[in-house]
Amino acid sequence: MSTNHFKPITTLREPIELASHGLVPVSDLPDLERVAARYAVAVTPDVAALIDPDDPHDPIARQYIPSAEELVTQANERADPIGDDAHSPVSGIVHRYPDRVLFKLVHVCAVYCRFCFRREMVGPGKATTLSKGAYENALAYIRAHSEVWEVILTGGDPLMLSPRRLKEIMADISRIDHVKIIRIHTRVPVAEPARINREMIAALKVRGATTWVALHANHAREFTRTARTACAAFVDAGIPMVSQSVLLRGVNDDPAVLEALMRCFVECRIKPYYLHHGDLAPGTSHLRTTLERGQEIMAALHGRVSGLCQPDYVIDIPGGHGKAPAGPTFLEPVNSFSAEREQPAERRYRIVDYCGDVHLYPPEP
Ligand code: SF4
């Protein structure tokens, strides 16, 4: 890989800016203007510096640099692939599972991921922050639902808010007695690590609720020295972290690449949590793998790294039906049996070990 010494001073938002920094060919500009008119574009200086412009398959570029392939929307793709709208009782809140809600505070991000499942909703051209009235309504909804134990701040990226505003929001939520956990989903520590400063960390620590941070990253190269320092700032301050990644064709759909990513998380004291199967967001089919490939990769990962490094491979069921584990399974019954006639001793399973070898359970006497 050739080293890219280029680092723009500001975030690149227009295809012409990407072209002038050598990140896209000038000949692609007409198509990319059409892409950018529909889906937001932003590449921070930190991310731009990671891209090797000489590599047409660069896994960082593939996550953030727009492509003409995004102009192709498949029949099964949808604007709201995981069905947020079907579970939104008031503006800014998604209440899909009984004990937790999403609280969508902002619609802007440091970078815009080309596979984003909320790509129709995020970006500077979309609604920005919640109005004061909508924010108060959302808080009132959480207050009125005593079953809500966890509030998940998402968006957009909540860490795009100022520390002053975040401090107010964290205080407002933590004053609700039944809310015990506030989880913040963010890409900022890898996309714009300088935002994570002492003030930001202090804003996230509150009395009355435990703060967790879920870091979204998809490739080991995103863990630069500054990104690792940003992650350490959370954990050193007593804020536990979990990971969130998306399985992406040409980015991390390879056991060795995924292994390196998971090791980075764990080295940074971030517990691997979810590996999402790519959602059916419009114009993203070129980035999705098959479920079978995802299961193969997860089975291979099982053989390569300890449980500390294992995320759950999950799929969000279109229509708002929530997440389901997407496998693989390592256990299958050998014989069929009926609940009425069955003797427990007759139950036998095939079980696959970490090398892929198959065994019987229980073993032959
Ligand atoms: S940071 Fe999250 S919300 Fe923003 S574009 Fe990326 S995936 Fe979408």
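Atoms within each ligand, like the ligands themselves, are counted from 1 in listed order.
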Min heavy-atom dist Arg118 to ligand 1 below 4.0 Å: no
Aromatic plane relationship, Tyr141 with His95 - under 30° parallel, 30 to 60° tilted, over 60° perpendicular: perpendicular
Sole candidate of His216, His277, Gln63 that passes side chain to side chain contact (heavy atoms under 4.5 Å, CB included) when paired with Val246: His216
Cys113 and ligand 1 - part of the residue with a heavy-atom distance under 4.0 Å: both
Among Asp80, Asp157, Asp84, Asp316, salt bridge (Lys or Arg N to Asp or Glu O under 4.0 Å) partner for Arg118: Asp84
Which residue supplies the protein heavy atom nearest to [atom], what is that atom called, and how far is it?
{"atom": "atom 2 (Fe) of ligand 1", "answer": "His216 ND1, 4.5 Å"}
{"atom": "atom 1 (S) of ligand 1", "answer": "Arg187 CD, 3.6 Å"}
{"atom": "atom 4 (Fe) of ligand 1", "answer": "Cys109 SG, 2.3 Å"}

Per-atom contacts of ligand 1 with Tyr112, taking only distances under 4.0 Å to non-hydrogen atoms: 5 (S)
Taking every non-hydrogen atom, the tightest pair across Ala227 and Glu222: CB-O, 3.5 Å
Sidechain N-carboxylate O distance under 4.0 Å for Glu150, Lys180: no
Phe265 and Phe223 aromatic centres sub-6.0 Å: yes
Cys116 backbone or side-chain N/O/S under 2.8 Å from atom 8 (Fe) of ligand 1: yes
